[in-house]
Amino acid sequence: MKSVFKKAGILMLAGAFALSGCSGGDSKKQSDNPDQAANFNKTGLPIVNEPVSLKMVSPKAALAPEYSEMEIFKRLEAETNVKIEWENIPDTDFAEKKNLLLASGNLPDAFYGAGLSDYELVNYGEDGTILPLEDLIDQYAPNLKALLDRRPDIKSSITAPDGHIYGLPSWEENNLGTNPFFHVINTKWLDKLGLKMPQTLDEYTEALVAFKTQDPNGNGKADEIPLSFMHMQWCMDIAGIFGAFGLPDNMEHRIVRDGKVIFTATQPEYKEALKYFHEKWYKQGLIDPESFTQDAAQYLAKGKTTVETLGSYIWWEVEEVVGPERSKDYALLSPLKGPNGDQSIGRGNGGGPGRGAFVITKENKNPEITMRWIDQQYEPYMAAQIHWGPLDIVFEKDENGKLVNLPLPEGTSAGEFRQKVAPGAGGPGVISIEDLGKVVDLEPRAQQRVKDLEKYYDPYMEKENYPSIFFEPEELDKINRIEPELIKYVNTQRGKFIVDGGVDEQWDSYVKTLEKMGLNELMEIYQNGLDRYNANLNR
């Protein structure tokens, strides 16, 4: 299994990826051109009298069609007269190719659903690669401006330390991200084997052993997968189970207790968890070996095999992994009680709006048109459709004008359907807490998730998290210099310790390596940022 952790290959992107038809050359804005200015309507629809094309780069989920074929964008084009020439990139490749485009200067007019980091926003904003947007918002984005006027907290969150807004927000204000790690087990198999629902980590391990050795699917083959997950992936990882050892883990390996920032991956509780997972799980063949390499499509397929083979998994929607019919065979586990009686689940970091969902580049000759086009997606009804899907396909309006969900197509999970009909949660648009229940209902699976959080996880959840802080440029420079390689090393070692063992022998060397990589400096930045954030809250 050591080859699992070798680099899959050097990414040879430079020169190999060319964005077809990217804007370039003349950077004159439309307001300098009388013909273009006459074509532009500052208010109302359509935005332009004669069609205008904009080139946009966006990630695309695995099941999504090209955005040019997505109904919601067809409707926007018909209403606005603005045609988007989409360059859709698979979401698994988007970060690499986006970085190449930004660095090379081979730019589209805008990046959509871009998820730009704070570092990218600040640095590409500072060097002029992407435009400051606050003046365009004031003049051409009445929906977004009304939102920011009504919610100064959102405006503050997306405003960089230099006072500019470089990226537009994306947010579903529903608090569902407090815990992404929903732990699922096959209760049909438990019943068949005469096992009770596990309450402790050791009882869970006993169930996994029984799943592997006692042929619970009854086909006479050793094809059962006791536990599958996706190593260090959002909502698919075993980070939540670390809480059984007294210290939950998360994607950043960073939690907060009593106002103090803790890096989990150097703590003794983390070490004990890794030892347990290697000795009790991996060595006994209870962990799916592909948990460290599989992508989402492979992972989701494991719950839908002809013969039921999946015993336990991590995902925040039961049905999306195993399908609607088979979901009755599965149930959620509350956090397991560990060897010393610890029982907790981490609270997800961040919260608040993403601030890099949409950026306009310096190559854009029509920033006013672009801002008016994207502003349509900050109208609350359209924001809901951008995130979940269009009227008459996903929603209908009830007698009060509220968007309510239509039944799903037969045999389709909500998560799969959402990928096919909408850009989704990473797309621009804000569905505020005020909109929920008035403009749109939470989709049924989200309503179920709220109930599941309250029942299974909220009683055991950490009280604090690390908030979404927009750091100063010099802090971002240091974070970007230290953190990517440090986290990559931690995640690689985490996998190796689970698969190969050796955590006792290698621990001191591992910790010293992290310190040499700048861990202490990184944690000082995060602590100072949190202290500053808390001081501002208390003013």
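Remark: of the listed residues Y457, W234, F229, Y457 is the sole one forming a ring pair (Phe, Tyr, Trp, His ring centres under 6.0 Å) with F182.
Checked by atom type and distance alone, the side chain of D237 never pairs as donor or acceptor with a backbone atom of Q233 at under 3.5 Å. Looking only at distances, no side-chain donor or acceptor of N39 sits under 3.5 Å from a matching main-chain atom of V48. Panel note: side chain N88, backbone Y67; a donor-acceptor pair is recorded below 3.5 Å. At least one donor-acceptor pair closer than 3.5 Å links the side chain of E464 to the backbone N or O of G259. Judged purely by atom type and a 3.5 angstrom limit, N250 uses its side chain to pair as donor or acceptor with the backbone of R254. In this structure a side-chain-to-backbone donor-acceptor pair under 3.5 Å is present from N174 to L176. Side chain of Q447 to backbone of L442: a donor-acceptor contact under 3.5 angstrom is found. T361 contributes a side-chain N or O that, together with a main-chain N or O of P108, makes up a donor-acceptor pair within less than 3.5 Å. Counting only distance, with no hydrogens or angles, the side chain of E120 and the backbone of S117 share a donor-acceptor pair below 3.5 Å. The backbone N or O of I84 lies less than 3.5 Å from no partner atom in the side chain of E77, so there is not a single donor-acceptor pair.
At a threshold of 4.5 Å between non-hydrogen side-chain atoms, the residues F111 and L101 count as touching. Counting only heavy atoms from C-beta outward, the side chains of W171 and I158 never approach each other to under 4.5 Å. Between K397 and L403 the shortest side-chain heavy-atom distance falls below 4.5 Å. Counting heavy atoms from C-beta outward, V421 and I72 have side chains that stay 4.5 Å or more apart. Taking 4.5 Å as the limit, every side-chain heavy atom of N366 sits out of range of all side-chain heavy atoms of D109. Side-chain contact check for F242 versus T264: every heavy-atom pair is 4.5 Å or farther apart. The closest side-chain heavy-atom distance from H387 to V440 is not below 4.5 Å. Taking the side chain as every heavy atom from C-beta outward, L530 and Y466 approach each other to under 4.5 Å.
Here CD of E69 is found 5.0 Å from NZ of K74. Values are rounded to the nearest 0.5 Å. Here CG of N179 is found 13.5 Å from OH of Y456. Values are rounded to the nearest 0.5 Å. A distance of 6.5 Å separates CD in E368 from CG in L136, rounded to the nearest 0.5 Å. Rounded to the nearest 0.5 angstrom, F358 CZ and S170 OG are separated by 12.5 Å. Between atom CZ of residue R347 and atom CG of residue N349 there is a gap of 10.5 Å, rounded to the nearest 0.5 Å. One finds the CD atom of E320 at 8.0 Å from the SG atom of C235 (value rounded to the nearest 0.5 Å).
No salt bridge links K420 with E416; every basic N to acidic carboxylate O contact stays at or beyond 4.0 Å. The residues R418 and E172 are annotated as salt-bridged, a charged nitrogen and a carboxylate oxygen being separated by less than 4.0 angstrom. A salt bridge does not link E472 with R532: none of the charged nitrogens is closer than 4.0 Å to a carboxylate oxygen. Taking 4.0 Å as the cut-off between side-chain N and carboxylate O, E87 and K55 do not count as a salt-bridged pair. A salt bridge does not link R481 to D477: none of the charged nitrogens lies less than 4.0 Å from a carboxylate oxygen.
Taking both residues in full, the closest heavy atoms of F470 and L476 are given as CE2-CD1, 4.5 Å, listed atom of the first, atom of the second, then distance. Closest non-hydrogen pair, P46 versus N81, comes out as CB-CB, 3.9 Å. Residue Q419 comes nearest to P65 through the heavy atom pair O-CD, 4.3 Å, listed as atom of the first residue, atom of the second, then distance. Between R445 and G415 the shortest heavy-atom distance is NH1-CA, 3.2 Å. Of all the heavy atoms in N405 and D441, the pair that sits closest is ND2-O, 4.1 Å. The heavy-atom pair separating F395 from L406 by the smallest distance is O-CD1, 3.5 Å.
Sorted by first and then second residue, the ring pair (Phe, Tyr, Trp, His ring centres under 6.0 Å) pairs with a member in residues 128-156 read F40-Y140; sequence neighbours excluded. For residues 369-380, the set of pairs meeting the side chain to side chain donor-acceptor pair (under 3.5 Å) definition, not counting sequence neighbours, comprises Y112-Q377, N143-D375, N364-T370.
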Working note: K478 + L522, criterion side chain to side chain contact (heavy atoms under 4.5 Å, CB included); need CA distance, chi angles, decisive distance, verdict. CA-CA 7 Å; K478 291 177 182 177; L522 184 67; over 6 Å; no
Given D162 and E126, is the side chain to side chain contact (heavy atoms under 4.5 Å, CB included) satisfied, shown in steps? CA-CA 9 Å; D162 66 3; E126 190 175 66; 5.7 Å; no
R494/I238 under side chain to side chain contact (heavy atoms under 4.5 Å, CB included): CA gap, chis, key distance, verdict: CA-CA 11 Å; R494 182 187 192 246; I238 55 173; 3.9 Å; yes
Run the numbers on T266 and H253 for side chain to side chain contact (heavy atoms under 4.5 Å, CB included), then give the verdict. CA-CA 9 Å; T266 55; H253 305 294; over 6 Å; no
Evaluate E71 against R75 for salt bridge (Lys or Arg N to Asp or Glu O under 4.0 Å), listing each step before the verdict. CA-CA 6 Å; E71 177 64 24; R75 294 181 187 180; 2.9 Å; yes
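In this structure, Q139 places its CD atom where more than 12 heavy-atom neighbours from other residues, nucleotides or ligands lie under 6.0 Å away. Atom NZ of K98 is surrounded by more than 12 heavy atoms from other residues, nucleotides or ligands within 6.0 Å. The local environment of CG in D258 is sparse, with at most 12 non-hydrogen atoms from other residues, nucleotides or ligands closer than 6.0 Å.
For F471 and Y526, the gap between ring centers is short of 6.0 Å.
Judged by distance alone, the side chains of D531 and Q527 do bring a donor and an acceptor atom under 3.5 Å apart. Side-chain polar atoms of D452 and Q448 form a donor-acceptor pair below 3.5 angstrom. Side chains of N41 and N49: a donor on one and an acceptor on the other come within 3.5 Å.
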What donor-acceptor contacts under 3.5 angstrom involve side-chain atoms of residues 422-439, with partners at least two apart or in another chain?
residue: S432; atom: OG; partner: E434; partner atom: N; Å: 3.4
residue: S432; atom: OG; partner: E434; partner atom: OE1; Å: 2.8
residue: S432; atom: OG; partner: D435; partner atom: N; Å: 3.4
residue: S432; atom: OG; partner: D435; partner atom: OD2; Å: 3.2
residue: E434; atom: OE1; partner: R151; partner atom: NH1; Å: 3.2
residue: D435; atom: OD2; partner: S432; partner atom: N; Å: 3.1

